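Because the structure is a prediction, the values reported are computed rather than measured.
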Amino acid sequence: NYRFEQVRDGAYSITVSADGFVSQDYKRDATRAVSFLRVDSSTSFQGIDFQLVHEAVIRGTVVDKNGKPVANLPLVAIGPPVNDRNPERIGAFEKTDALGQFALRGLPAATYLVCANESAGYNDGPRRLHYRETWYGSGASRERAISITVKEGDERNDLRITVEPEMHHQVVVWPSGPLGATAPLR
């Protein structure tokens, strides 16, 4: 049993999490949309129960073409679609440690594609490291990536992803006008 007291008026979402389990959001029905509960001083809810499932974990190592570990490289596990407007779902996001090792945790049972140093916008960091985006099993091609299917409680510990260096260039374009102009012409 649990109880929340002295909650301010407003709209709330409820998420339950525990180590070793998949986090779960409260939903009023079978849709994937999170439900918000409007609360005021007279509100009382009962029967909001959760049954958490054991997480699946995908572990592995990222190395460069010389076999040396690559530290601090972002990885993402992309799962099945959430709905028609969101064609893919991020199952987990993590960075490699000093030994190039990673553990993508909190995954529900599903089929995933794993990408190192992805460039599709899942990486919130200020900049990508200078390695080419690499999908598990195929290198640079998402279409030929090897999918990984995990069941509740599974641990997949054998992924090895080899990344290749990539030159990054920055191009800066300054507006200019006629010789001697101090501001661009409009």
Return the minimal non-hydrogen interatomic distance between S17 and L52, and the atom names on each side.
C-CD1, 4.5 Å
When you measure from the side chain of S147 to the backbone of Y112, do you find a donor-acceptor pair of N or O atoms at a distance under 3.5 Å?
no
Minimum side-chain heavy-atom gap C115-R142 below 4.5 Å:
no
List the steps, then state whether side chain to side chain contact (heavy atoms under 4.5 Å, CB included) holds for L107 with E55.
CA-CA 5 Å; L107 298 170; E55 71 180 356; 5.9 Å; no
Do V150 and V22 sit in the same hydrophobic cluster, where Ile, Leu, Val, Met, Phe, Trp and Tyr count as joined when their side-chain heavy atoms come under 4.5 Å apart?
no
Between CD1 on residue I161 and OH on residue Y131, distance to nearest 0.5 Å
14.0 Å
Under the side-chain contact (heavy atoms from CB on, under 4.5 Å) rule, collect the residues that match up with D9, sequence neighbours excluded.
D40
Give a yes or no on whether F21 and I14 share a hydrophobic cluster (residues Ile, Leu, Val, Met, Phe, Trp, Tyr; joining criterion: side-chain heavy atoms under 4.5 Å apart).
yes
Donor-acceptor pair, D64 side chain versus N66 backbone, under 3.5 Å?
yes
Any side-chain heavy atom of T61 sitting closer than 4.5 Å to one from Q101?
yes
Student check: side-chain heavy atoms of Y136 and L75 closer than 4.5 Å
no
When rounded to the nearest 0.5 angstrom, what is the spacing between CG in L113 and CD1 in I148?
8.0 Å
Report yes if the side chains of V163 and N117 come closer than 4.5 Å at any heavy-atom pair, otherwise no.
no
CZ-CH2 distance between R144 and W135, expressed to the nearest 0.5 angstrom:
13.5 Å
Specify the closest pair of heavy atoms between E152 and A109, including all atoms of both residues, with the distance to one decimal.
N-CB, 3.6 Å
Spell out, yes or no, whether L73 and L99 are grouped together once hydrophobic residues are joined by side-chain heavy atoms under 4.5 Å, including indirect joins.
no
Answer yes if V53 and F50 sit in the same cluster of Ile, Leu, Val, Met, Phe, Trp and Tyr residues linked by side chain heavy atoms under 4.5 Å apart, and no otherwise.
no
Residues R160, D158: salt bridge by 4.0 Å N-O rule
no
Under 4.5 Å between side-chain heavy atoms, counting indirect links through other Ile/Leu/Val/Met/Phe/Trp/Tyr residues: same cluster for V16 and L37 or not?
yes
Passing option when T162 is tested against V62, V70, V63 for side-chain contact (heavy atoms from CB on, under 4.5 Å):
V63
Within-4.5 Å side-chain heavy-atom neighbours: E155 and R59:
yes
Write down the atom of K95, the atom of P74, and the distance for their closest heavy-atom approach.
CG-CA, 3.9 Å
Looking only at heavy atoms, which two atoms of P69 and G100 are closest? And how far apart?
CB-N, 3.7 Å
